[in-house]
Amino acid sequence: MYANFKQYKPIDIFRTCIPAEDTSDNRFEECNHKTGCVFLDLFVTHLTKYGLKSGRFHASLLGITQTELFFTVQTLTGLSYTDFIHGYLELMVRELIKKPEYDLKKISKRLGYHSYSGFYRFVSRNMKEKPSWLM
């Protein structure tokens with residue numbers, strides 16, 4: 001789909017992750033490059049803060065329906081909601097693995113996975129590597 005406006009990919013927005021111990025909202029806003037789109041900036045701030053949650057969870061934080069969230073993310077990024085989330089989480093994984101205070105289990109919790117095995121499957125499928133190989 002051709003858009004007359006800039007569509008943002010995860011790499012265009014992502015700047016860095018912050019430690020799990022720091023939970024102040026203004027610190028999460030500093031984690032991403034500003035796009036000028038309040039919706040997208042707020043969505044990515046929530047994604048950085050809460051990690052992998054359901055679309056319904058993120059939509060409720062924004063005060064919209066899940067369908068509206070999915071459609072808007074696809075319009076603004078050119079990617080499906082799932083593809084955008086996966087791309088953004090991959091960038092977060094690569095950033096967090098560089099930090100010595102994080103081990104793989106801490107990274108999986110920080111990204112919102114309920115179990116390490118879910119995180120392991122995500123990395124294996126989407127990044128085509130085993131998490132231990134990234135370290």
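Treat the numbers as computed from the prediction; the structure is a model and nothing was measured.
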With a 4.5 Å cut-off on side-chain heavy atoms, are [Y] and [X] touching?
{"X": "L76", "Y": "Y8", "answer": "no"}
{"X": "L52", "Y": "F119", "answer": "no"}
{"X": "L96", "Y": "L111", "answer": "yes"}

To the nearest 0.5 Å, tell me how far [X] [atom1] sits from [Y] [atom2].
{"X": "F14", "Y": "E90", "atom1": "CZ", "atom2": "CD", "answer": "11.5 Å"}
{"X": "L40", "Y": "I13", "atom1": "CG", "atom2": "CD1", "answer": "4.0 Å"}
{"X": "K99", "Y": "R110", "atom1": "NZ", "atom2": "CZ", "answer": "9.5 Å"}
{"X": "Y113", "Y": "L104", "atom1": "OH", "atom2": "CG", "answer": "13.0 Å"}
{"X": "Q7", "Y": "L79", "atom1": "CD", "atom2": "CG", "answer": "8.0 Å"}
{"X": "F39", "Y": "D41", "atom1": "CZ", "atom2": "CG", "answer": "10.5 Å"}

| request: Could you pull out all residues at least two apart from K98 that satisfy side-chain contact (heavy atoms from CB on, under 4.5 Å)? | output: E95
| task | Give a yes or no on this: more than 12 heavy atoms of other residues, nucleotides or ligands lie within 6.0 Å of atom CZ of F71. | result | no
Using every non-hydrogen atom in the two residues, find where [X] and [Y] come nearest and quote the distance to one decimal.
{"X": "K53", "Y": "Y81", "answer": "O-OH, 4.2 Å"}
{"X": "M92", "Y": "T48", "answer": "CE-O, 3.8 Å"}
{"X": "G55", "Y": "L69", "answer": "O-CD2, 3.5 Å"}
{"X": "N126", "Y": "H86", "answer": "OD1-ND1, 3.6 Å"}

| field | Test salt bridge (Lys or Arg N to Asp or Glu O under 4.0 Å) applied to D83 - qualifying residues, sequence neighbours left out | value | none
| request: Using atom types as modelled and distance alone, determine if a side-chain donor or acceptor of K9 lies under 3.5 Å from a backbone N or O of T77. | output: yes
| message | Side chains of S115 and S117 only: does a donor on one sit below 3.5 Å from an acceptor on the other? | response | yes
| Pair Y120, S108: side-chain N/O donor-acceptor within cut-off below 3.5 Å | no
| request: Determine the interplanar angle of the H58 and F43 rings, folded into 0 to 90°, and report it as parallel if under 30°, tilted if 30 to 60°, perpendicular if over 60°. | output: perpendicular
| message | Is the ring pair F84/Y88 parallel, tilted or perpendicular, if the boundaries are 30 and 60 degrees? | response | parallel
Without placing hydrogens or testing angles, list every side-chain donor-acceptor pair under 3.5 Å for residues 61-68, not counting sequence neighbours.
{"unit_1": "T65", "atom_1": "OG1", "unit_2": "E68", "atom_2": "N", "d": "3.2"}
{"unit_1": "T65", "atom_1": "OG1", "unit_2": "E68", "atom_2": "OE1", "d": "3.3"}
{"unit_1": "E68", "atom_1": "OE1", "unit_2": "T65", "atom_2": "N", "d": "2.9"}

| task | For R94 and L91, run side chain to side chain contact (heavy atoms under 4.5 Å, CB included): C-alpha distance rounded to whole Å, both residues' side-chain angles, the deciding distance at 0.1 Å, then the answer. | result | CA-CA 5 Å; R94 292 190 189 282; L91 294 170; 5.6 Å; no
| Same cluster or not: are V73 and I11 linked, directly or through other Ile, Leu, Val, Met, Phe, Trp or Tyr residues, by side-chain heavy atoms under 4.5 angstrom apart? | yes
